[in-house]
Asks: 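Quick one: structure below, then a few questions.
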Amino acid sequence: MEDYDFLFKIVLIGNAGVGKTCLVRRFTQGLFPPGQGATIGVDFMIKTVEINGEKVKLQIWDTAGQERFRSITQSYYRSANALILTYDITCEESFRCLPEWLREIEQYASNKVITVLVGNKIDLADKREVSQQRAAEFSEAQDMYYLETSAKESDNVEKLFLDLACRLISEARQNTLENNVSSPLPGEGKSISYLTCCNFN
Ligand SMILES: Nc1nc2c(ncn2[C@@H]2O[C@H](COP(=O)(O)OP(=O)(O)OP(=O)(O)O)[C@@H](O)[C@H]2O)c(=O)[nH]1
């Protein structure tokens, strides 16, 4: 018997240095790692959360933002239930690259994937280069959820993953997600049961 009710695969993508690893570590380990180095290829973490009495296992894949790893990281998009497309609110370049990332998603991810746009590092408000309004307009035009976070200060990080889990459950219940019986991890399956869900604001 499985020890969870749902299993979802979430993949973080976005330019190098935007804070993907720090977001994952904040959520899974409750810490902000000092001197976090660049991710090499892909890293993987699991966190099981309980939502409305149901156990939800999240497989969280943290990909390297550096261009040279792109061919490795692309291969992880296909089986993702959700993608967290991250930019750094203090780095205009990381925002300008978003259309490029969307092309990658279009090309390599399932057409049922849920994509969330995340502007990270809001603790650095005085260095902000990308306004909330611009990002909100962009996400609306692309039909994506949008949230700003700080991995450092732990702002909105739990909300990001928990709201996403709720959304995934809702989608799963509507049978719009692929059945996770063919999970990337051996010996793992999925059962779907009723749950009321929360929403992104
Ligand atoms: N102030 C601040 N710094 C952050 C935050 N998140 C990450 N950082 C810093 O940004 C740098 C890059 O963070 P990473 O998590 O390694 O970024 P990444 O997107 O995983 O980078 P790659 O692995 O190269 O793709 C590190 O120096 C972190 O300490 C945040 O919320 N606030």
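All of these numbers come straight from a predicted model, not from anything done at the bench. Counting convention: from 1, in listed order, for ligands and their atoms alike.
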Asks: With heavy-atom distances below 4.0 Å as the criterion, list the atoms of ligand 1 near A38.
Replies: 23 (O), 24 (O)
Asks: Do me a favour and list the nearest non-hydrogen protein atom to atom 21 (O) of ligand 1 with residue, atom name and distance?
Replies: G17 N, 2.9 Å
Asks: Would you mind checking if D62 and K20 are paired as a salt bridge, meaning a charged N to carboxylate O distance below 4.0 Å?
Replies: no
Asks: Over 60° means perpendicular and under 30° means parallel, so tell me whether W61 and Y76 are parallel, tilted or perpendicular.
Replies: tilted
Asks: Which residue supplies the protein heavy atom nearest to atom 26 (C) of ligand 1, what is that atom called, and how far is it?
Replies: Q36 O, 4.4 Å
Asks: Which ligand 1 atoms are under 4.0 Å away from a heavy-atom of S150?
Replies: 31 (O)
Asks: Looking at atom 17 (O) of ligand 1, what's its closest protein heavy atom, distance included?
Replies: G19 N, 3.1 Å
Asks: Can you tell me which residue and heavy atom of the protein come closest to atom 28 (C) of ligand 1, and the distance to 0.1 Å?
Replies: C22 SG, 3.8 Å
Asks: Provide the number and element of each atom of ligand 1 under 4.0 Å from a heavy atom of G65.
Replies: 22 (P), 25 (O)
Asks: Which of the atoms in ligand 1, numbered in the order shown and given with their element, are less than 4.0 Å from a heavy-atom of L124?
Replies: 1 (N)
Asks: How does A16 reach ligand 1, if at all, at less than 4.0 Å between non-hydrogen atoms: by side chain, backbone, both, or neither?
Replies: both
Asks: Identify, for atom 10 (O) of ligand 1, the protein heavy atom at the shortest distance, and state residue, atom and that distance.
Replies: K121 NZ, 3.0 Å
Asks: Among D123, D155, T63, whose heavy atom sits nearest atom 2 (C) of ligand 1?
Replies: D123
Asks: Of all the atoms in ligand 1, which lie at a distance below 4.0 Å from a heavy atom belonging to K152?
Replies: 1 (N), 30 (C), 31 (O), 32 (N)
Asks: Look at atom 15 (O) of ligand 1 and say whether a protein heavy atom is found at less than 4.0 angstrom from it.
Replies: yes
Asks: Between E92 and R134 (salt bridge meaning N to carboxylate O under 4.0 Å), is one present in this structure?
Replies: yes
Asks: What atoms of ligand 1 come closer than 4.0 angstrom to any heavy atom of K20?
Replies: 15 (O), 17 (O), 18 (P), 19 (O), 20 (O), 21 (O), 22 (P), 25 (O)
Asks: Look at atom 31 (O) of ligand 1 and find which of S154, A151, P33 reaches it with the closest heavy atom.
Replies: A151
Asks: Taking 4.0 angstrom as the limit and counting only heavy atoms of G37, give me the atoms of ligand 1 inside it, by number and element.
Replies: 16 (O)
